[in-house]
Amino acid sequence: MTAVTQTPPLPQPVTALSRDDARRLALRAQGLLGAPDRRAGVRGVLRQLGAVQLDTISVLARSHELVPYARLGAVGHDAVEAAYWTPASSDTPAAPPHSFEYWSHAACILPIEEWPHFAFRRRARRAKGHRWHVMEDSERSCAAVLDRLKADGPLTTSELGGGRKGGEWWDWSETKIAVEWLLDTGDVVCTERRAWKRVYDLAERAVPDALLHDDLDDTECLRRLVAQAGAAMGVATRADLADYHRLKAEQVDAVVADSGLVPVEVEGWGKPAWADPAALAAPPRGRHRTTLLSPFDSLIWDRPRTERIFGFTHRLEAYVPRPRRIHGYFAMPLLAGGQLVGRVDPAREGTTLVARQVSMQSSKAVVPMARALEEAASWVGCDSVRVERCDDQKLADALRAELTHTSDQ
């Protein structure tokens with residue numbers, strides 16, 4: 001007779017939170033409520049969030065630039081890149097890196113302090129033996145990559161010999177498969193992107209000694225990642241905690257009791273939730289940021305959580321055929337007053353920021369939308385804003401009038 005394993009009972013919530021409580025906790029945890037820490041800057045944002053997603057799409061800017069912009073305001077491209085990456089070369093001593101790139105929620109920039117936490121994932125990749133591609137001669141190919149990096153210092157795929165065989169983007173060369181495998185398993189690390197290309201280096205050379213070795217067992221890795229996700233979200237369900245760094249639900253279950261997070265009950269959620277005790281210690285107060293958010297911003301990258309907290313359905317339509325798009329190619333939600341109150345699909349034409357498709361929940365969103373568009377335009381070097389389409393003609397007219405009024409001042 002097979003024994004039945006029973007799930008241990010959930011602990012009793014230490015407190016009950018209203019929907020608004022949960023929303024404000026989430027906003028503060030994500031750096032969008034209260035005064036921004038400008039002295040800590042972009043690196044402070046990265047440490048607070050624990051992960052900033054990378055993506056190839058660039059509209060106003062790439063997503064990893066839009067994330068600090070949403071929290072800090074106008075931060076220049078060069079300042080953002082310098083804050084994230086630590087350029088290295090073979091003929092100069094490498095400075096201690098601030099971050100590294102690895103697989104978290106997706107391909108993400110992560111604080112270098114989190115290197116040990118992903119040992120569980122590196123071990124799992126290694127145990128599987130391959131990821132997307134299988135090498136023809138893994139031992140020879142990996143050794144060749146490691147020898148080149150050891151001899152010549154940090155290199156891009158092109159400098160290693162090229163990324164593709166000549167076909168489509170996924171038709172990787174043996175060298176590309178090898179270096180990505182070494183990245184997956186931790187022998188190689190990316191602590192810089194150069195012209196959007198990963199720059200690979202030996203982990204033993206780039207990662208500080210105190211962080212390099214995979215000494216943490218899987219349980220401790222997971223415990224730390226769940227704790228970090230809880231702190232970055234303020235309050236979260238099991239599914240939220242799992243999604244932040246793309247863990248499995250059972251992995252969260254195994255460590256959440258020891259993570260330091262405390263069980264809470266949230267009005268309307270209907271599911272057990274956990275909160276960061278530091279977030280509960282003081283009620284969230286301060287100024288709400290009015291800004292446009294990248295679709296890949298960690299505040300909204302989990303669609304069910306976004307709907308639960310904000311009552312807002314968010315979907316990236318970049319990969320949806322044009323005739324089926326509702327809100328546009330790269331619709332950016334508008335955050336104002338602690339709520340998601342609209343969205344816009346932006347583009348640039350010369351020095352004009354074009355709002356190709358705009359939607360707003362009500363007339364109360366008009367002024368915040370105008371403000372956010374003007375601020376974004378100034379940030380990317382545009383001197384005017386043009387609204388092309390809006391799903392409500394009256395709101396479109398009001399938005400155009402507001403933009404004209406502020407530009408005349």
Side-chain angles (χ1 to χ4, degrees), residues 50-51 53-54 85-86 88 94 96-165 169-194 197-225 228 244-248 251:
Q53 186 172 342
L54 291 159
W85 305 121
T86 307
H98 310 298
S99 65
F100 69 106
E101 179 182 338
Y102 197 61
W103 303 102
S104 166
H105 183 82
C108 289
I109 304 172
L110 303 160
I112 192 64
E113 293 79 12
E114 291 185 15
W115 172 269
H117 305 172
F118 287 87
F120 85 100
R121 189 158 284 164
R122 295 190 288 268
R123 284 191 288 262
R125 296 270 196 266
R126 200 174 297 120
K128 185 176 179 181
H130 70 278
R131 193 153 182 236
W132 293 316
H133 302 77
V134 176
M135 284 174 273
E136 296 174 5
D137 186 337
S138 60
E139 186 173 346
R140 179 187 61 80
S141 300
C142 289
V145 168
L146 293 172
D147 287 345
R148 277 292 311 279
L149 293 176
K150 184 175 182 179
D152 299 337
L155 299 170
T156 65
T157 303
S158 298
E159 292 166 338
L160 281 166
R164 293 195 296 269
K165 295 179 180 177
W169 68 267
W170 61 82
D171 188 21
W172 287 2
S173 69
E174 182 83 351
T175 297
K176 173 67 172 176
I177 299 171
V179 75
E180 286 294 320
W181 170 249
L182 292 168
L183 182 76
D184 281 350
T185 55
D187 293 298
V188 161
V189 64
C190 171
T191 58
E192 177 193 1
R193 280 205 177 210
R194 189 186 304 150
K197 294 180 179 179
R198 283 178 178 151
V199 180
Y200 303 94
D201 197 1
L202 299 176
E204 64 190 41
R205 184 164 54 203
V207 179
D209 288 343
L211 301 172
L212 177 61
H213 302 290
D214 290 351
D215 295 332
L216 301 183
D217 62 24
D218 287 10
T219 298
E220 182 62 13
C221 290
L222 295 169
R223 187 193 68 78
R224 294 191 186 192
L225 287 175
Q228 188 283 318
Y244 205 82
H245 291 296
R246 294 288 165 87
L247 308 177
K248 297 177 181 179
Q251 291 175 321

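- Side-chain contact between Ser141 and Ile177: absent, with no pair of heavy atoms (C-beta onward) separated by less than 4.5 Å.
- Of the candidates Leu155, Leu146, Leu160, Val179 forms a side chain to side chain contact (heavy atoms under 4.5 Å, CB included) with just one, namely Leu160.
- Atom SG of Cys142 sits about 8.0 Å away from atom CG of Asp187, to the nearest 0.5 Å.
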Mind listing the side-chain donor-acceptor pairs of residues 105-114 below 3.5 Å, one per line with the distance, residues two or more places apart or on another chain?
| residue | atom | partner | partner atom | Å |
| --- | --- | --- | --- | --- |
| His105 | ND1 | Asp243 | O | 2.8 |
| His105 | NE2 | Arg246 | NH2 | 3.0 |

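- Atoms CD and OG1, from Glu192 and Thr156 in turn, are 10.0 Å apart once rounded to the nearest 0.5 Å.
- Between the NE2 atom in His245 and the OG atom in Ser104 there is a gap of 4.5 Å [rounded to 0.5 Å].
- Between the side chain of Arg205 and the backbone N or O of Leu149 there is at least one donor-acceptor pair closer than 3.5 Å.
- Salt-bridge formation is not detected for the pair Glu174/Lys176: no Lys NZ or Arg NE/NH1/NH2 atom is positioned less than 4.0 Å from an Asp or Glu carboxylate oxygen.
- Here Asp184 pairs with Arg131 under the salt bridge (charged side-chain N to carboxylate O under 4.0 Å, His left out) rule; sequence neighbours left out.
- Residues Glu159 and Val199 form no side-chain contact, since every pair of their non-hydrogen atoms from C-beta on lies 4.5 Å or further apart.
- Checked by atom type and distance alone, the side chain of Trp115 never pairs as donor or acceptor with a backbone atom of Val207 at under 3.5 Å.
- Shown are Thr219, Leu216, Asp218; of these, the side chain to side chain contact (heavy atoms under 4.5 Å, CB included) with Phe120 is made only by Asp218.
- Residues passing the salt bridge (charged side-chain N to carboxylate O under 4.0 Å, His left out) test with Asp214 are Arg122, sequence neighbours excluded.
- Using a 4.0 Å cut-off between charged nitrogen and carboxylate oxygen, Lys150 and Glu204 do not count as a salt-bridge pair.
- A pairwise comparison of heavy atoms in Leu212 and Ala203 identifies CD1-O, 3.6 Å as the closest pair.
- With no hydrogens or angles considered, a side-chain donor-acceptor pair links Glu180 and Tyr200 at under 3.5 Å.
- Trp103 approaches Phe118 most closely through the heavy-atom pair O-CE2, 3.6 Å.
- Annotation: side chain of Glu101 is in contact with side chain of Trp85 (closest heavy-atom distance under 4.5 Å).
- One distance of note links NZ of Lys128 with OG1 of Thr185; it measures 13.5 Å at 0.5 Å rounding.
- Remark: of the listed residues Glu220, His117, Gln251, His117 is the sole one forming a side chain to side chain contact (heavy atoms under 4.5 Å, CB included) with Leu225.
- A distance-only check finds no donor-acceptor pair linking the side chain of Arg126 to the backbone of Arg121 [under 3.5 Å].
- Note that OH of Tyr244 is 5.5 Å distant from CD of Gln228, once rounded to the nearest 0.5 Å.
- Residue Phe100 holds its CZ atom at 9.0 Å from CG of Leu211, rounded to the nearest 0.5 Å.
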